Amino acid sequence: MSANDDIAARLEEFADLLEAQDVDYKPRAYRRAAENVRAHPGDVARLAHGGEDALDEIEGVGDAIASKIVEYVETGEIAELEDLREELPVEMGELTRVEGVGPKTVGTLYEALGITTLEELEAAAAAGEIQEVSGFGAKTEQNILENVEFAREATERELLGEARPRGEGVVDYLAGRPEVERIDLAGSLRRWKETIGDVDVLVATEEGEAVVDAFTDWPGADAVIEAGDQKASVRSGEVRVDLRVVDPSEFGSALQYFTGSKDHNVKIRNVAIDRDLKMNEYGVFDVSDVEDPDADQRAGERIAGETEEGMYEALDMPWMPPELRENWGEIEAARDGDLPDLIDEGDVRGDLHVHTNWSDGDYTVAEMVEGAASFGHDYLAITDHATGPGMVGGVGVPDDELREQIEEVRAVAEEADIPVFTGVEANISTDGEISVDDDVLTELDVVVASPHAGLDGDGTDRLVAAVEHPEVDIIGHPTGRYINQRSGLDVDVERLAEAAADNDTALEINANPARLDLGGGAVKTAVEAGATIAINTDAHQPASYDLVRYGVHTARRGWAEETDVLNTRDVEGLREFLE
DNA sequence: GCCGTTTTCGGCCCGACTGTTTTCAGTCG
């Protein structure tokens with residue numbers, strides 16, 4: 001949790017506790033402040049060290065909240081929040097995670113039954129005590145009982161690699177229905193963000209009810225959360241899947257709106273306002289002759305909304321791929337005609353980081369090669385783990401065995417349908433040493449060097465040392481992070497990328513959905529610094545070759561073009577780089 | 001509690017859905 005998230009969480013708890021006590025308006029003020037603290041590009045804690053006045057620049061933070069932020073940063077506590085917690089000693093965060101339970105419900109149930117924790121909530125529901133409380137009934141009690149377990153489990157955002165197949169499953173299931181005129185994923189899933197809060201599906205149809213009925217019958221749905229005629233939600237595994245139904249004439253505007261990101265939409269809405277236009281989920285409206293544009297969501301003359309392309313065109317901008325919509329400069333670039341020509345899924349021609357049963361893979365060299373050929377790759381590099389820091393239990397291949405493997409790979413290559421490169425995934429020690437002897441490295445075609453141990457603290461010096469090693473071609477999963485599990489090394493990506501560009505060493509996007517390392521933001525920095533990117537799957541079995549798409553879309557989130565990526569080159573181009 | 005101003009008070013986003021209510025409150029996105 002970053003420091004900003006930490007401060008925002010206190011403010012949100014403040015809001016919840018006030019709301020539970022039926023306080024009006026203040027909760028909204030605290031929520032708004034929390035949201036803006038969370039979204040603030042700089043370190044709010046550092047800002048707070050400059051005193052309350054320095055916090056002025058954050059929207060929604062006035063004198064009262066500013067002094068609380070300063071108090072929190074300086075003492076680690078907010079006295080008033082401690083008081084509120086004493087008055088209402090509940091586990092607000094975990095209780096409100098239960099679907100359908102908000103701050104007011106928490107407050108009421110504490111007053112009536114003294115419920116403070118998830119366990120107590122579950123016990124009270126099971127004992128039938130909740131339906132006795134005024135305002136509650138048997139149905140509510142049942143819902144709470146069903147949702148407690150889910151609240152306990154679903155504490156993390158789902159990995160893209162799990163959410164994406166789930167979302168595509170819903171879309172495939174609904175797309176064939178005659179009532180569905182258009183359908184698409186929206187939200188962070190459409191932007192291919194590395195983790196997903198929920199799955200958003202948007203459908204254009206004249207017959208909402210029929211679509212909702214079909215949706216709630218989707219075999220992937222474990223439970224129906226709600227179902228109306230314009231929207232419905234189901235629970236699928238650990239995530240919530242939201243369906244929205246709109247009139248076909250509003251599909252483009254709704255898709256633009258629900259794809260986000262929020263920051264992108266705020267920015268683009270302001271572009272609209274500057275042009276006397278109004279932009280929302282219903283379209284783009286010319287409000288130059290309208291007295292009060294805010295009076296009606298559909299006020300003014302509608303000039304776009306049926307297609308997403310039309311929405312952007314109405315603002316004199318080209319349509320832009322969802323991966324770019326993070327307010328990382330794409331709106332300025334679109335206005336200047338400088339949008340990147342992003343790499344596409346079909347552009348990657350080979351995999352330069354895969355494992356076999358020589359190390360921790362499950363398949364032989366021949367099987368991995370055959371798999372790559374039938375996947376459609378033009379070439380493949382075999383890069384098993386070397387011994388060294390991080391390789392325990394005999395996983396790594398010692399230098400003398402690597403020499404033997406070179407012979408086997410060459411033998412397989414003679415029979416193979418595609419060129420096969422010899423290689424290794426060597427380890428980068430904490431002081432930047434490469435764990436394989438130089439004599440062996442020079443014999444290999446492709447040397448991937450990756451950090452596997454000591455994955456905390458600043459890793460920039462260590463990685464730069466590896467980049468400068470003359471035999472290293474690619475830095476594998478540079479930070480070593482595992483999403484939702486460990487954050488990996490802190491890396492000054494700009495400095496790393498500049499070194500990589502100077503030394504003709506590529507930086508990997510490891511396409512494994514648990515890694516996506518480098519991530520989108522880092523890729524953007526690396527590309528801007530002129531570094532070459534390699535998109536590899538780190539496959540341990542042929543079935544993993546198709547994970548490459550997660551790498552490609554991560555590259556797109558980092559504004560990478562085909563020419564920025566090493567393994568979009570043909571074999572000759574690749575050989576040139578390796579030499 | 002914040003903000004903007006018709007500038008020190010008065011208003012604060014909103015629509016869909018559910019459940020418990022008999023006209024609405026709470027939750028969610």
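Letters A, B, ... mirror the listed sequences (proteins, then strands); counts begin at 1. None of the values given here were measured: they were computed from a predicted structure.
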Evaluate the criterion side chain to side chain contact (heavy atoms under 4.5 Å, CB included) for residue pair A/Asp200 and A/Leu185; output intermediate values, then yes/no.
CA-CA 6 Å; A/Asp200 293 306; A/Leu185 294 168; over 6 Å; no
Evaluate the side chain to side chain contact (heavy atoms under 4.5 Å, CB included) criterion for residues A/Val90 and A/Tyr110: first the C-alpha distance (whole Å), next the side-chain angles of each, then the deciding distance (0.1 Å), finally the verdict.
CA-CA 8 Å; A/Val90 296; A/Tyr110 174 73; 3.9 Å; yes
Over how many whole Å does the gap from [X] atom [atom1] to [N] atom [atom2] extend?
X        : N      : atom1 : atom2 : value
A/Phe258 : B/dC28 : CZ    : C1'   : 12 Å
A/Glu99  : B/dT27 : CD    : P     : 12 Å
A/Ile144 : B/dG26 : CD1   : C1'   : 12 Å
A/Arg235 : B/dC28 : CZ    : P     : 13 Å
A/Leu95  : B/dG26 : CG    : C1'   : 16 Å
A/Arg240 : B/dG29 : CZ    : C1'   : 8 Å
A/Leu84  : B/dG1  : CG    : P     : 10 Å
A/Asp16  : B/dG26 : CG    : P     : 14 Å

Go nucleotide by nucleotide along DNA chain B from the 5' end; which of A/Ala29 and A/Asp200 gets its closest nucleotide reached first?
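This one resolves to A/Ala29.
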Worked check of salt bridge (Lys or Arg N to Asp or Glu O under 4.0 Å) between A/Asp286 and A/Arg275:
CA-CA 9 Å; A/Asp286 182 345; A/Arg275 295 164 172 248; over 6 Å; no
Atom pairs, protein N/O to nucleotides 5-9 of chain B N/O, distance under 3.5 Å:
none

What residues, two or more places apart in sequence or in another chain, satisfy side-chain hydrogen bond (donor to acceptor under 3.5 Å, both in side chains) together with A/Glu345?
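If we apply the side-chain hydrogen bond (donor to acceptor under 3.5 Å, both in side chains) test to A/Glu345, skipping adjacent residues, the hits are A/His553.
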Residues two or more places apart in sequence or in another chain: which of them pass side-chain hydrogen bond (donor to acceptor under 3.5 Å, both in side chains) with A/Tyr312?
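Once residues adjacent in sequence are excluded, the partners of A/Tyr312 under the side-chain hydrogen bond (donor to acceptor under 3.5 Å, both in side chains) criterion are A/Gln256, A/His264, A/Arg325.
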Determine the Euclidean distance between corresponding [atom1] atoms of [M] and [N]; express it in Å to zero decimal places.
N      : M      : atom1 : value
B/dT5  : B/dG1  : P     : 23 Å
B/dT21 : B/dT27 : P     : 16 Å
B/dC2  : B/dT8  : C1'   : 13 Å
B/dT20 : B/dG26 : P     : 14 Å
B/dC3  : B/dC13 : P     : 13 Å
B/dT6  : B/dC24 : P     : 34 Å

Report the residue from A/Glu323, A/Glu194, A/Glu326 that forms a salt bridge (Lys or Arg N to Asp or Glu O under 4.0 Å) with A/Arg557.
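Considering A/Glu323, A/Glu194, A/Glu326, a salt bridge (Lys or Arg N to Asp or Glu O under 4.0 Å) with A/Arg557 is found only for A/Glu326.
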So A/Lys267 and A/Asp263, salt bridge (Lys or Arg N to Asp or Glu O under 4.0 Å) or not? Walk me through it.
CA-CA 6 Å; A/Lys267 180 100 171 202; A/Asp263 289 346; over 6 Å; no
Test your reading of the model: is there a side-chain donor-acceptor pair from A/Asp517 to the backbone of A/Gly480, 3.5 Å cut-off?
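Checking the backbone N and O of A/Gly480 against the side chain of A/Asp517, a donor-acceptor pair under 3.5 Å is found.
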Who pairs with B/dC2 - Watson-Crick or G-U, where each distance is under 3.5 Å
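Partner of B/dC2: B/dG11.
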Could you go step by step and tell me if A/Asp22 and A/Lys104 meet the salt bridge (Lys or Arg N to Asp or Glu O under 4.0 Å) rule?
CA-CA 7 Å; A/Asp22 264 339; A/Lys104 300 247 185 186; 2.7 Å; yes
Quick one: does A/Arg97's side chain get under 4.5 Å of A/Arg152's, heavy atoms only?
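No; the side chains remain at least 4.5 Å from each other.
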With a 4.0 Å heavy-atom cut-off, tell me which residues in residues 45-83 of chain A come close to DNA chain B, sorted by residue number.
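Correct list: A/Glu59, A/Gly60, A/Val61, A/Gly62, A/Asp63, A/Ala64, A/Ile65, A/Lys68.
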Could you check whether [X] makes a cation-pi contact with [Y], meaning its NZ or CZ is under 6.0 Å from the centre of the six-membered ring and within 45° of the ring axis?
X        : Y        : result
A/Arg235 : A/Phe150 : yes
A/Arg182 : A/Phe251 : no
A/Arg515 : A/Tyr482 : yes

Closer than 4.0 angstrom, basic N to acidic O: yes or no for A/Glu250 and A/Arg298?
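A/Arg298 and A/Glu250: salt-bridged.
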Give a yes or no on whether a salt bridge exists between A/Arg38 and A/Glu59, defined as a side-chain N under 4.0 angstrom from a carboxylate O.
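Judged by the 4.0 Å cut-off on N to carboxylate O distance, A/Arg38 and A/Glu59 do not form a salt bridge.
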Nucleotides 10-13 of chain B: which of its N/O atoms have a protein N/O under 3.5 Å away?
{"residue": "B/dC13", "atom": "OP1", "partner": "A/Arg28", "partner atom": "NH1", "Å": "2.7"}

Protein proximity profile, nucleotides 14-24 of chain B - base contact B, sugar-phosphate-only contact S, no contact -, cut-off 4.0 Å on heavy atoms
SBSSSSS----
Quick one: label [X] by what it contacts on the DNA or RNA (base, sugar-phosphate, nothing), any heavy atom closer than 4.0 Å.
X       : answer
A/Arg31 : nothing
A/Pro27 : nothing
A/Val23 : nothing

